[in-house]
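Order of the sequence lines sets the chain letters (A, B, ...), proteins ahead of strands, with each chain counted from 1. Because the structure is predicted, anything quoted here is derived from the model rather than measured.
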2 protein chains.
Amino acid sequence: MAAGSPGTQGGESLLFLTDEQLRKGIEAMFFAYRAFTADPDRILENYEYGRAHHRAIHFINRQPGLTVNTLLTMLGVTKQSLNRVLRTLVEDGLVESRVGRRDKRERHLHLTEKGAMLERELSDAQRARMRAAYRAAGPAAVAGFRQVLEAMMDPDIRRHYQSMKDHTA
Amino acid sequence: MAAGSPGTQGGESLLFLTDEQLRKGIEAMFFAYRAFTADPDRILENYEYGRAHHRAIHFINRQPGLTVNTLLTMLGVTKQSLNRVLRTLVEDGLVESRVGRRDKRERHLHLTEKGAMLERELSDAQRARMRAAYRAAGPAAVAGFRQVLEAMMDPDIRRHYQSMKDHTA
DNA sequence: TTGGAAAGTCAACATAGCTGACATAAAATC
DNA sequence: GATTTTATGTCAGCTATGTTGACTTTCCAA
């Protein structure tokens with residue numbers, strides 16, 4: 001692995017690719033992600049749920065009717081792990097699991113009214129922080145932020161990500 | 001909490017602050033962070049360490065001689081949790097814990113040669129992905145990326161973050 | 001000299017990931 | 001029609017990493 005001396009390739013200064021810059025980026029990801037999850041985590045403490053429940057609720061809200069398998073792919077966990085979470089959400093009446101019409105093996109997931117309420121409470125908090133950060137950084141920075149995150153994703157997931165609803169894109 | 005209708009304030013289009021945009025940002029953070037941790041996680045499997053060990057090693061490398069308390073603040077975990085990780089790293093000869101000269105209660109943490117080798121292996125992998133993403137997105141996007149992440153952090157942590165080494169800033 | 005801070009330790013517990021094995025139902029294929 | 005594959009669910013057990021609470025030791029500083 002190269003020692004990270006930047007040099008100049010293609011006539012462009014590549015100072016933003018030094019090891020120091022990359023390490024700062026790594027730290028920024030760590031600290032920002034922790035802040036990013038802190039607000040919903042605080043809310044979840046009031047219920048008997050954890051971050052795993054939040055993630056499931058988020059994606060079910062985003063793609064109502066998605067199958068268990070699709071959710072599995074997006075969350076990147078085992079079915080046993082997801083099932084534990086999903087079972088409590090169904091039992092508690094936050095998520096509805098409907099047998100597929102065409103393929104009756106599939107279960108299509110929807111939020112109930114109660115589930116949608118929790119989703120809103122959680123995402124309101126998370127979006128509030130996001131909005132403040134976006135507002136502070138400005139539209140150009142936000143575009144760059146999204147570009148870098150997208151480039152960082154695994155390609156299969158990136159396709160899922162890009163195909164998700166985005167009215168203003 | 002406002003319903004997120006963007007409107008136009010201050011004469012500037014605030015389309016980047018719509019709920020949809022914010023939700024996409026939330027998803028981007030989730031997917032990118034997972035990819036971001038995947039490479040070092042794969043390496044750690046070969047040893048008997050986890051992500052918590054990686055984080056400790058990272059920050060000890062970045063600020064050689066930092067105290068346990070400082071590390072605790074940066075990692076945001078309890079001392080009991082950190083201690084379990086730190087103990088194995090010291091036992092395995094990756095980290096050295098030196099009694100403070102001025103204040104003998106404090107322990108100053110340093111990586112050993114062996115610890116520095118693992119640090120490099122882990123950070124090489126993590127930086128490789130970061131570098132690819134930076135290169136794909138370009139310097140302007142990277143600047144925006146950093147701005148948004150910084151704005152997202154909790155203020156106390158942001159101060160720590162900003163005071164850390166960054167030769168090219 | 002005493003109070004409090006820094007660090008370390010023990011015990012018990014919770015969350016959320018994992019593997020492996022197995023069951024059921026339904027679709028798909030031979 | 002029989003067989004195989006797919007989608008899902010479930011049980012058991014393990015691991016990593018977080019938590020709280022209680023306690024001890026060391027030692028700086030008022």
Side-chain angles (χ1 to χ4, degrees), chain A residues 30 33-34 37-38 40-60 65-92 95-110, chain B residues 30 33-34 37-38 40-60 65-92 95-110:
Chain A
F30 172 63
Y33 193 80
R34 205 175 51 198
T37 56
D41 281 356
R42 258 190 298 276
I43 292 169
L44 289 159
E45 277 175 16
N46 303 331
Y47 303 84
E48 53 196 1
Y49 301 129
R51 203 177 288 181
H53 300 82
H54 180 196
R55 294 198 283 248
I57 287 173
H58 173 93
F59 286 111
I60 295 171
L66 88 177
T67 65
V68 172
N69 233 351
T70 304
L71 184 53
L72 229 36
T73 302
M74 289 195 299
L75 295 177
V77 298
T78 59
K79 66 171 177 172
Q80 293 92 330
S81 196
L82 174 58
N83 200 257
R84 182 166 39 195
V85 165
L86 225 39
R87 193 167 47 217
T88 70
L89 291 175
V90 170
E91 281 170 2
D92 296 353
V95 167
E96 196 184 343
S97 173
R98 300 182 195 158
V99 172
R101 281 178 307 173
R102 289 192 319 191
D103 187 334
K104 294 179 189 167
R105 289 171 306 181
E106 292 178 342
R107 300 301 146 91
H108 298 268
L109 305 169
H110 298 261
Chain B
F30 172 63
Y33 193 80
R34 204 174 53 197
T37 55
D41 281 356
R42 261 189 296 276
I43 293 169
L44 288 159
E45 277 176 17
N46 304 329
Y47 304 82
E48 51 195 2
Y49 301 128
R51 202 176 289 180
H53 300 84
H54 179 197
R55 294 197 283 248
I57 287 173
H58 172 93
F59 286 111
I60 295 171
L66 89 176
T67 65
V68 172
N69 230 356
T70 305
L71 184 53
L72 229 38
T73 303
M74 289 195 298
L75 294 177
V77 297
T78 59
K79 64 174 178 174
Q80 293 91 330
S81 195
L82 174 59
N83 201 258
R84 182 165 41 195
V85 164
L86 226 38
R87 193 166 50 219
T88 72
L89 292 175
V90 170
E91 281 171 0
D92 296 352
V95 167
E96 198 184 341
S97 173
R98 300 183 195 157
V99 173
R101 280 178 308 174
R102 291 193 317 194
D103 186 335
K104 295 179 187 166
R105 287 170 306 182
E106 293 180 342
R107 302 301 145 91
H108 298 268
L109 305 169
H110 299 262

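Judged by distance alone, with hydrogens and angles left aside, A/Arg51 brings no side-chain donor or acceptor close enough to the base of C/dG17 to form a pair under 3.5 Å. With hydrogens and angles ignored, no donor-acceptor pair closer than 3.5 Å exists between the side chain of A/Gln80 and the base of D/dG13.
The distance between atom CZ of A/Arg42 and atom P of D/dT19, rounded to the nearest whole Å, is 14 Å. To the nearest angstrom, P of D/dA7 lies 13 Å from CZ of A/Arg102. For the pair A/Leu82 CG and D/dG9 C1', the computed distance is 11 Å after rounding to whole Å. Summarising the geometry, the separation between NZ on A/Lys104 and P on D/dT5 is reported as 24 Å, rounded to the nearest angstrom. Rounded to whole angstrom, the span from the CG atom of B/Leu72 across to the P atom of D/dG18 amounts to 11 Å. Distance CG (B/Asn69) to C1' (C/dA5): 9 Å, rounded to an integer number of Å. As a whole-Å value, the separation of B/Arg55 CZ from D/dG18 C1' is 10 Å. Atom P of nucleotide D/dA7 and atom NZ of A/Lys79 are separated by 11 Å, given to the nearest angstrom.
Between C/dG8 and B/Arg107, a contact under 4.0 Å exists linking OP1 or OP2 to a side-chain N or O. Checking the phosphate oxygens (OP1, OP2) of C/dC18, a side-chain nitrogen or oxygen of A/Thr78 falls inside 4.0 Å. Considering only side-chain N and O atoms, A/Arg87 lies under 4.0 angstrom from the phosphate OP1 or OP2 of D/dT10.
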